[in-house]
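In listed order, ligands and their atoms are each counted from 1.
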Amino acid sequence: MRARTAVIPAAGLGTRFYPVTKAVPKELLPIYDVPALQLVMDEAVGAGADHIVLVSSRVKTPIEKFVTPDAAVVEKVRASGREDLANRLARIGTDVKVTITYQDNPHGLGHAVGCARAAVGDEPFMLLLPDELRSGPQLLNALADSCEKRGVSAIELLRVPMEKVSAYGVITHLPGAPADGPFDIVGIVEKPAREDAPSDLIIAGRYVCTPDIFEKIDIIKPAPNGELQLTDALELQSGDSPITGVLSTVTRWDTGTPMGWLEAVVDAALSNADSADAARALFADRLAR
Ligand code: UTP
């Protein structure tokens with residue numbers, strides 16, 4: 001079956017964005033005028049999701065507030081004559097079913113995904129890391145198609161220079177794949193030394209997982225930093241039978257750091273019809289100083 005539920009883990013501490021994330025969840029930082037979380041939810045809906053499962057933390061209450069419909073705010077804005085904005089606000093939390101589930105302590109991405117188990121059920125599901133943005137839902141759609149067709153998890157891959165591989169999860173794949181994939185993944189190693197890396201293909205932030213991933217999460221052991229790593233559960237799946245790697249072709253932004261976030265905001269302001277001219281003029285003025 002095709003994945004219809006999208007899991008969005010948003011319970012992390014966001015330490016790379018301190019001090020901002022001491023009080024503000026990084027998932028709600030504005031990408032020009034839209035919170036990152038909304039863009040990620042839109043991507044999931046664009047790929048066919050009709051149910052979003054947000055894994056949040058009880059201390060990150062603004063996330064829950066953002067996805068909870070608020071008729072009073074909508075009416076107030078409508079009464080002020082800002083019809084378009086009122087419609088945008090009315091859409092939040094009503095155009096797709098949203099379930100919130102909690103990860104009380106951030107024990108890693110594998111643990112966060114495990115917290116979504118009851119809400120997902122025994123079905124394949126999309127998984128989107130909300131501190132990474134994509135220019136559209138095409139890649140996620142391709143992952144969902146692949147998982148439906150092949151019956152195994154499908155994950156987004158990027159090709160990076162060998163000197164960068166040691167910061168990521170790196171895959172081993174069966175020989176014979178075309179350079180642009182898809183790849184039959186038979187192993188994953190987290191942050192290998194460059195000389196030990198099995199390829200230059202790293203795992204990025206979009207996945208469509210078959211539900212047996214939950215059983216794998218149950219049996220993996222914490223990494224030395226105490227976290228349950230999703231890559232360890234995927235590695236176990238790939239040992240049962242190869243899972244699929246799809247090379248990403250969409251533009252991506254990593255908004256988990258201040259500079260990555262700035263890049264996303266600048267690009268959004270330049271591509272938005274309402275702001276492009278003013279943004280261009282502003283940047284030209286600042287660069288000329
Ligand atoms: P990251 O590792 O990028 O986020 O996880 P982080 O841990 O919040 O940030 P840093 O590294 O300390 O700066 C990717 C996504 O997974 C969520 C995060 O909220 C983020 O959106 N996550 C991570 C969880 O929900 N729970 C976790 O235990 C870890």
Side-chain angles (χ1 to χ4, degrees), residues 5-31 34-44 52-67 98-120 125-134 140 155-156 158 164 166-169 188 190-191 202-209 213-214 217-218 220-234 248 252-264:
T5 295
V7 174
I8 303 181
L13 298 174
T15 55
R16 288 169 297 155
F17 227 127
Y18 277 156
V20 174
T21 42
K22 183 169 175 286
V24 181
K26 67 177 169 182
E27 295 81 5
L28 292 181
L29 290 177
I31 307 304
V34 184
L37 179 62
Q38 181 68 58
L39 297 174
V40 174
M41 287 170 58
D42 289 347
E43 180 190 341
I52 305 268
V53 178
L54 266 176
V55 182
S56 189
S57 149
R58 288 184 210 277
V59 294
K60 292 172 87 170
T61 46
I63 289 188
E64 197 165 337
K65 189 163 167 39
F66 178 72
V67 295
V98 180
T99 303
I100 299 188
T101 178
Y102 294 99
Q103 183 193 28
D104 286 325
N105 280 300
H107 291 313
L109 184 56
H111 181 252
V113 173
C115 293
R117 185 177 194 159
V120 170
F125 62 96
M126 306 173 196
L127 172 63
L128 300 87
L129 305 194
D131 56 355
E132 293 185 25
L133 303 178
R134 299 291 179 273
L140 190 60
I155 60 184
E156 179 187 24
L158 299 174
K164 294 205 169 154
S166 49
Y168 302 97
I188 302 168
E190 193 59 46
K191 300 188 173 64
I202 63 158
I203 299 182
R206 298 294 182 264
Y207 315 71
V208 175
C209 297
I213 195 79
F214 294 121
I217 290 169
D218 280 346
I220 56 173
K221 300 268 177 295
N225 65 3
E227 296 192 348
L228 289 181
Q229 296 188 338
L230 181 69
T231 45
D232 287 345
L234 291 165
S248 189
R252 58 185 292 282
W253 294 268
D254 179 353
T255 56
T257 63
M259 194 45 78
W261 167 81
L262 180 62
E263 197 180 320

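Here the closest non-hydrogen pair linking Ala10 and Lys60 is O-NZ, 3.0 Å. The two residues Thr255 and Ala264 make their nearest non-hydrogen contact at CG2-CB, 3.8 Å. Between Pro9 and Leu128, the closest heavy-atom pair is CD-O, 3.2 Å.
With respect to Leu127, the side-chain contact (heavy atoms from CB on, under 4.5 Å) criterion is satisfied by exactly one of Val113, Val55, Val53: Val113.
When the side chain to side chain donor-acceptor pair (under 3.5 Å) test is applied to Asp42, the partners found at least two apart in sequence or on another chain are Gln38.
Residues Tyr207 and Val7 are not in side-chain contact: their nearest non-hydrogen atoms beyond the backbone lie 4.5 Å or more apart.
Within 4.0 Å of ligand 1, the residues that place a heavy atom are Pro9, Ala10, Ala11, Gly12, Leu13, Gly14, Thr15, Arg16, Lys26, Glu27, Gln103, Pro106, His107, Gly108, Leu109, Ala112, Pro130, Asp131, listed by chain and number.
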